[in-house]
Visitor: 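Below you will find the structure I want to go over with you.
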Amino acid sequence: MAKIGLISLGCPKNVVDAEEILGEAEKAGHEIVTDPACAEVLIVNTCGFIQSAKEESIDQVLSAVQQKTNGVCRSVIVTGCLAQRYGEDLAKELPDVDAIIGLGKASEIGDVLARTLAGDRVVEIGQPGAWWTENRNRVLSTAPWTAYLRVADGCDNRCTYCAIPLIRGDFHSRAELSILDEAQALADTGVKELNLVAQDVTRYGLDLGGELRLARLLDKLADINGPEWIRLLYCYPTRISDDLIQAIATNEKVCNYIDVPLQHCSERVLRGMARQGSKQEYLDMFERIREKCPDAVLRTTFIVGFPGEADEDFEDLLDFVSRVKFDRLGVFKYSPEDGTPASHMKGRPARSIVNSRYSRLMALQQEISLKKNNCLVGTRLKVLVESVEGIKAVGRSYRDAPEIDGLVYIGIEKESVKPGDFVRAEITEARHYDLIGRII
């Protein structure tokens, strides 16, 4: 048996993959270690979403190989999205990597570990598949009070810029009972926050019985004792139904937080992206959400520099952001991905123009965010404490998803709270993305 270390890159869906891989390794009798320098086997769970993520993944793989040369590491295993997409090429380019495992083969990690430790080289890519259909052991890599809960995998949206369907395959919903069983198991370990993830959580159930079932799933998850927050990540705008909005508005455990990656608002750009909906439909949707959930936090992402994005398209986007006033907003610079229709499109804006658009959009959002945070001064928020140092605590409110959003810094009485506690805080000061408060 060996000491196993894992480096995971990319999105929360990758985090779940990594945790299930660790669970399978532990089930096979191996020891999980958190310090890569102590690992006899290093598993690199890669991301292949955009070019910068690919480069980061390769850097981590090369670093792991270096540890095999100079440290205690005996085997390096590469898995994840990059392995699924470019596995055969990686096998040729990285001869010192001991195993390259596709997404559909991740359930066989126990066997792969045994083979590489015995001196074999393993290259098995296979087809992406729902290997998680049955509940598996998971070793949480997040803080013990929060967890990601996968409800589906794959994608049927076929946006022209996105390689996810080429990597993850078609959309597959998990069986409802499987999700509820895992949620209960997480609750039994002390998880207080469940963050629902998929490439498109709002599509949940459509492939099971021809109807959207996310609202019903939320109601059943809320009946589980233990978790106090249930959060939705990665919602598709045209599938945010009135039933779903109602479920969010009326269920105390479901955070009034909706992550809706729009990518753009210009209808010409949306057509080029093969995105559903229109600017007016988006505006109407946000109006319905805010009517039912006045304190709803709206998060989105946009892409700038998509092929054919003209000055007027970008100005339209700036005006849209000014009108909606998102609470949280991220921006990507368009990256052409192999095999996607958009990679062959002409009319990409110059890099200097893309950089300028990125900066202008982020500057606008920073201004909006500060104004919104200033409106919270004097209010009281429930905060999940994540760290404590002396008389200062750092946590998140319902407004903040793990890793990607702002933080709440709280003055406390010494040793009055500990990580994982919920506290009430009065907000005394606002920053562009974070809040300052005091415990009450």
Side-chain angles (χ1 to χ4, degrees), residues 12-13 15-16 19-20 22-23 26 132-152 173-198 201-202 204-205 208 212-235 243-259 292-293 295-297 380-388 393 395-403 405 408 416-425 439-440:
K13 282 89 71 179
V15 171
V16 177
E19 292 173 346
E20 291 176 341
L22 289 177
E26 192 173 67
W132 41 261
T133 299
E134 299 298 328
N135 283 338
R136 298 183 178 276
N137 298 316
R138 262 178 89 181
V139 175
L140 288 186
S141 58
T142 55
W145 49 83
T146 187
Y148 296 107
L149 180 61
R150 174 164 35 202
V151 301
S173 297
R174 265 179 95 177
E176 185 179 88
L177 182 58
S178 174
I179 296 171
L180 295 174
D181 284 347
E182 183 171 15
Q184 183 63 66
L186 291 169
D188 291 343
T189 69
V191 169
K192 300 179 180 181
E193 176 187 38
L194 294 172
N195 299 284
L196 273 56
V197 295
V201 296
T202 44
Y204 175 73
L208 297 178
L212 302 176
R213 298 183 180 181
L214 182 58
R216 186 178 80 174
L217 178 64
L218 288 177
D219 289 338
K220 294 188 176 184
L221 286 170
D223 288 337
I224 296 174
N225 291 327
E228 297 186 37
W229 282 351
I230 302 170
R231 187 187 309 277
L232 295 179
L233 300 176
Y234 313 109
C235 301
D243 286 346
L244 179 57
I245 296 173
Q246 184 70 12
I248 296 168
T250 58
N251 199 314
E252 290 185 2
K253 287 189 177 182
V254 179
C255 296
N256 286 359
Y257 177 109
I258 305 179
D259 174 31
K292 293 287 187 181
C293 311
D295 60 347
V297 170
R380 296 180 175 185
L381 292 174
K382 181 179 179 179
V383 175
L384 177 56
V385 175
E386 297 202 291
S387 65
V388 176
R396 295 179 288 109
S397 74
Y398 81 95
R399 302 171 55 82
D400 309 302
E403 304 294 333
D405 291 329
V408 183
S416 61
V417 299
K418 62 184 184 299
D421 286 348
F422 280 106
V423 300
R424 297 288 294 179
I439 197 167
I440 55 175

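Numbering of residues begins at 1 and proceeds along the displayed sequence.
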Visitor: Please report the shortest heavy-atom distance between V383 and A425, naming the atom on each side.
Guide: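 Smallest interatomic distance, heavy atoms only, reads CG2-CB, 4.1 Å.
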Visitor: Which heavy atom of A187 sits nearest to which heavy atom of P227, and what is that distance?
Guide: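 Heavy atoms only, the tightest pair is CB-CD, 3.6 Å.
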Visitor: If every non-hydrogen atom of Y234 is compared with every non-hydrogen atom of D259, which pair is closest and at what distance?
Guide: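 Nearest pair, atom of Y234 first, then D259: N-OD2, 3.0 Å.
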Visitor: C255 pairs by side chain to side chain contact (heavy atoms under 4.5 Å, CB included) with which of R399, R231, E193?
Guide: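 With C255 as partner, R399, R231, E193 yield a single side chain to side chain contact (heavy atoms under 4.5 Å, CB included), made by R231.
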Visitor: So, for L194 and L149, which heavy atoms are closest and what is the spacing to 0.1 Å?
Guide: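 In terms of heavy atoms, the two residues are closest at CD1-CD2, 4.5 Å.
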Visitor: More than 12 heavy atoms of other residues, nucleotides or ligands under 6.0 Å from CZ of R424: yes or no?
Guide: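 Atom CZ in R424 is crowded, with more than 12 foreign heavy atoms closer than 6.0 Å.
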Visitor: Look at the side chain of D181 and the backbone N and O of S178, then say whether any donor-acceptor pair between them is shorter than 3.5 Å.
Guide: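 No, the answer is negative, given that no donor and acceptor are paired below the 3.5 Å cut-off.
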Visitor: If every non-hydrogen atom of L196 is compared with every non-hydrogen atom of I230, which pair is closest and at what distance?
Guide: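 Taking every non-hydrogen atom into account, CD1-CG2, 3.7 Å.
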Visitor: Should E19 and R138 count as an ion pair when the cut-off is N to O under 4.0 Å?
Guide: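 Salt bridge: yes.
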Visitor: If the threshold is 4.0 Å, N to carboxylate O, is there a salt bridge linking K220 and E176?
Guide: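 Yes, charged N to carboxylate O under 4.0 Å.
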Visitor: Tell me whether K253 contacts the main-chain N or O of I224 through its side chain, where contact means a donor paired with an acceptor under 3.5 Å.
Guide: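 Judged by distance alone, yes, a pair lies under 3.5 Å.
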Visitor: So, for L232 and L218, which heavy atoms are closest and what is the spacing to 0.1 Å?
Guide: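 Shortest heavy-atom separation between L232 and L218 comes out as CD2-CD2, 3.9 Å.
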Visitor: Is there a donor-acceptor contact under 3.5 Å from the side chain of K382 to the main chain of F422?
Guide: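 Here the side-chain-to-backbone pair does not exist.
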